[in-house]
Amino acid sequence: MSKPEFKVIKGGLSSSIKDMPKHFVSAYVTNTRLMGVLAIYARWNLSGHGLKKSSLHQFFYIDCEESGLETYKGIRGDHIMDIEAAEQALVGGLGAKKMELTERQLRALMCKYKSFNEKHHLPLPEHKEEYDFLFEPEVVMEKDEQDEFMAFVSDEITTDYQLVNYFLMRCFGRDYEGARFLAPVTPPVDPTIPGGPKSGPLINDFALDLYRKYVKATFCKNVIDVDKFYADGGVAYLCESLIEMNGNYDLIISKVVVRDLKVIGFEHCSGFRVSSAEAAMMLAKSEYCTVYEVLLPEEEINNNIGEFTVGLQTIMSVHENGRLFMSFKENNDHVNSRTFLLSNDVQGVYYLTDYGQLIIAAYSLEDVRELEEKLAGSTLAPYLEVTGKYIFKEPLLFEFLRSDFIDFDDFMDFLHDEE
């Protein structure tokens, strides 16, 4: 799950917006709570002081693990390109569904994470005067509302693999609210009364913070194997998780017991440090690349950058010799797998060099072909000429980005000579 890269752009919003009447129009939140992040959009109509009615579009990004409410962008007026670009930067990398919010749900969610920031001594995003009204009056959900809302903003759990991957992701992320949602504490059913009532000591009452020493760690990979089947329908799984923190990698073995798509047992088995080279081997994948010559002058290329971001639905980052446009998959189905890889949420990338080359890279033939088809359907297609296609046993595009080469074909010739 990649965090959007927002830059603060001043302008458009008058300082008087704080005192203007605001009328709720619509809002949504992404169903990505189990990935540890939420993106929120809200639209308001503004009026008052004899001014012409206008719109306020608000975008928020929340890290549910450690950073809380961390990003805000406001857009005054209905500038479609600006709104679409902001939405793509915010939501494009989440593989999310947009869940419609009521005004009360919106305010309750914002108040919840304002409290999160205060509890953890975290600053709120800049331009607080533009969204401060969302906290007044404070709205707090009742316990049953909170449980229902947690399910509302979470991906539906359909398999044990999906459950176990999400659960470990939440535990290593020190997101115990998310982990407890997948491992609720419940009393057992009284076996002497068919179908009713629950009594006796609590079950599922186990520690979730076994890995609390990991701070801002990355859940890079997880492999799940069946360890034991139980007569009551439960299954114990052994999980081998590759965790990165501060440039160091650990391989952690855990046992997770599940029944009826809920976690009912969790324990640490073993763990040890692995080298960066060993971690790279564990994460290695093949890479498919297509290289194009861009038959446009630099000024025209710059004028069409929006076609890469909004048109091709990508998120842009700037590098020393070009711009990288990352395309994400439309959902988070990669979590529903025996082998989970964090990078599997990426469909591929477009890398536009400052010297007139465009390189597509993906980890599968299917994905690279889909990216090629998207490009062929864009307004840029008539100005592109294919100059090469490559298959690598391990990714090389990012090696090219870090190299001193400005031409990908020259980079390939160099590697060939080295071999």
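All of these numbers come straight from a predicted model, not from anything done at the bench.
Residues forming a ring-ring contact (aromatic ring centres under 6.0 Å, His included) with Y166 (at least two apart in sequence, or on another chain): none. The salt bridge (charged side-chain N to carboxylate O under 4.0 Å, His left out) check on D147 picks up K143, with sequence neighbours excluded. For H268, the ring-ring contact (aromatic ring centres under 6.0 Å, His included) criterion is met by Y211, not counting sequence neighbours. Scanning for side-chain contact (heavy atoms from CB on, under 4.5 Å) contacts around D209 gives Y176, A207, R212, with sequence neighbours left out. Partners of D250 under the side-chain contact (heavy atoms from CB on, under 4.5 Å) rule, at least two apart in sequence or in another chain, are Y214, I252, R273. Taking Y288 as the reference, nothing meets the ring-ring contact (aromatic ring centres under 6.0 Å, His included) condition, with sequence neighbours excluded. Annotation: side-chain contact (heavy atoms from CB on, under 4.5 Å) contacts of A108 (sequence neighbours excluded): V139, M141. Residues meeting the ring-ring contact (aromatic ring centres under 6.0 Å, His included) test with F149, sequence neighbours left out: F152.
Sequence neighbours left out, the pairs with a member in residues 29-42 that pass salt bridge (charged side-chain N to carboxylate O under 4.0 Å, His left out) are R33-D175, R33-E177. Counting only residues at least two apart or on different chains, no salt bridge (charged side-chain N to carboxylate O under 4.0 Å, His left out) pair has a member in residues 275-290. Applying the ring pair (Phe, Tyr, Trp, His ring centres under 6.0 Å) test to pairs two or more places apart or on separate chains, those with a residue in residues 340-361 are F219-F340, H334-F340. For residues 331-344, the set of pairs meeting the salt bridge (charged side-chain N to carboxylate O under 4.0 Å, His left out) definition, not counting sequence neighbours, comprises D225-R338.
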